[in-house]
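I have placed the structure first, in the form of structure tokens, so that the comments after it can refer back to it.
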Amino acid sequence: MSAQKRPNLLFIMSDDHAAHAISAYGSRINETPHLDRIASNGMRFDSAFCTNSICTPSRAAILTGTYNHVNGATTLDTHLDNTQWTFPQSLQQAGYTTGMIGKWHLGHGPGHDPVGFDFWRVLPGQGHYDNPVMLEADGKVVERGGYVTDLITDDCIDFIDEHKDGPFALFCHHKASHRTWNPAPRHFTLFDDVDLPEPATFHDDHEGRAEVIKSVKMHMMDLDPITDLKALVPEGLSREEEIEWRYQRYIKDDLRVVAAMDEGSGRLLDKLENEGLTDNTIVVYTSDQGFFLGDHGWFDKRLMYEESLGMPLLIQYPDRIRPGSTSDDIVVNVDFGPTLLDLMGVEIPGHVQGRSFAPILDGATPDDWPESMYYRYWMHRDGAHNTPAHYGVRTRTHKLICYYNDPLDQLGANGPADPIEWELFDLVADPQEINNVIADPAYAAIRAELETELARLQNELGDEPYPGAQIQSS
Ligand code: CA
């Protein structure tokens, strides 16, 4: 393959944008015509999952191709050790011009700054929606007026323009659609004249679920009226009416923020088209994890339930991927790096734990492709959301979750430990995960199988089972 024929990469990653707020995934609440273009031009993944549903750990898993117990970025407070290998470094060494623009959220300074990029311009920490300061190499600070999603998009278009002779690998990492959901002025009134539907599980009372689930601070009532909802709660509402009012305030701003990102993605696709780069450029759209959009009564992520565990994943590459295709094969965020290296003809180092799913993009799923995935969230009783530490296994049909409930001295996790609890869901009979069947004798054999599979995955990936949380049903 000649240097000119090597595919470019445009990797667009948003923050906290759930698949069920993308119309290509059948959203009931919004339209994303430009993201839908990527789906119709390429492949939509319906079983793409993160291995730890929170910003910093997911970003570290994607870049390093390893799980968080290996790369060390287990919580929001554990920044990436940038002496580790990341897949953009291999692209750069292979002759790609590499760029990282937008949200980094893996720490700053000599030990944590982006490495492997010819150009980087990133938000400090979470950054700001309006008039954001951005950081570059050598301590350079860039100050501009404008809306963050538009500025990141502008910078990415400039990068493509500068490097259109290729090959390039550009990482466009949006701040949107993270809390506190501040829209661009042009979207202030979007959805003003409609009531958006509540999800089917909006009134979930969490009956039968683990006790630690019942005390998470992710309910509509946990949103801050001023910073999150930008309003005072109207007087005289019943609790039920207030919850419904809060949902409308919250979800509309979330989707307004998504709208700007959708438009920006369209501008990037148009730029590729106008430069004649569409056929030979791999375009990825994903988010660092999913999000509860009122599902189970919640906002936020962190838990292993479907809305949080799932990642949107759309990939177009007209030279190779059949347009309008879909896959329900299980892929995880640690697979992204090796897959892209594979597609771009760059060697995958042996230590990488993820596996290339390029054959799936070719329409030929390998016979030995995994039928399960491993998940672990470490940040027990985190200050903001009071979520429990847990790990688990998801197969195509079931999910077993062990809330081991111990901070284990992880940064940002808090004690004391809570008693171990388990949940088991039948995803075929109960896709909304309402009925915890962990104690149902009819599921004893399934539970035993899943416990064995969980132990097998932990052994294969080199993670440690929590003491006392080994096989329960034997
Ligand atoms: Ca995130």
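Atoms within each ligand, like the ligands themselves, are counted from 1 in listed order. Position 1 is the first residue of the sequence, and the numbers go up from there.
The salt bridge (Lys or Arg N to Asp or Glu O under 4.0 Å) contacts involving residues 27-39 comprise R37-D270, where partners must be two or more places apart or lie in separate chains. Applying the ring pair (Phe, Tyr, Trp, His ring centres under 6.0 Å) definition to pairs two or more places apart or across chains, those involving residues 116-158 are F117-F171.
Taking the six-membered ring where the residue is Trp, H390 and Y375 present tilted rings, their angle falling between 30° and 60°. By the 30° and 60° cut-offs, the orientation of the rings of F291 relative to F299 is tilted.
When the options R59, K175, K301 are evaluated for a salt bridge (charged side-chain N to carboxylate O under 4.0 Å, His left out) with D15, the one that passes is R59.
Note on the Ca ion (ligand 1): protein N/O/S atoms under 3.0 Å are D15 OD1, D16 OD1, C55 SG, D288 OD1, D288 OD2, Q289 OE1.
Applying the ring pair (Phe, Tyr, Trp, His ring centres under 6.0 Å) criterion to H163, with sequence neighbours excluded, gives F159.
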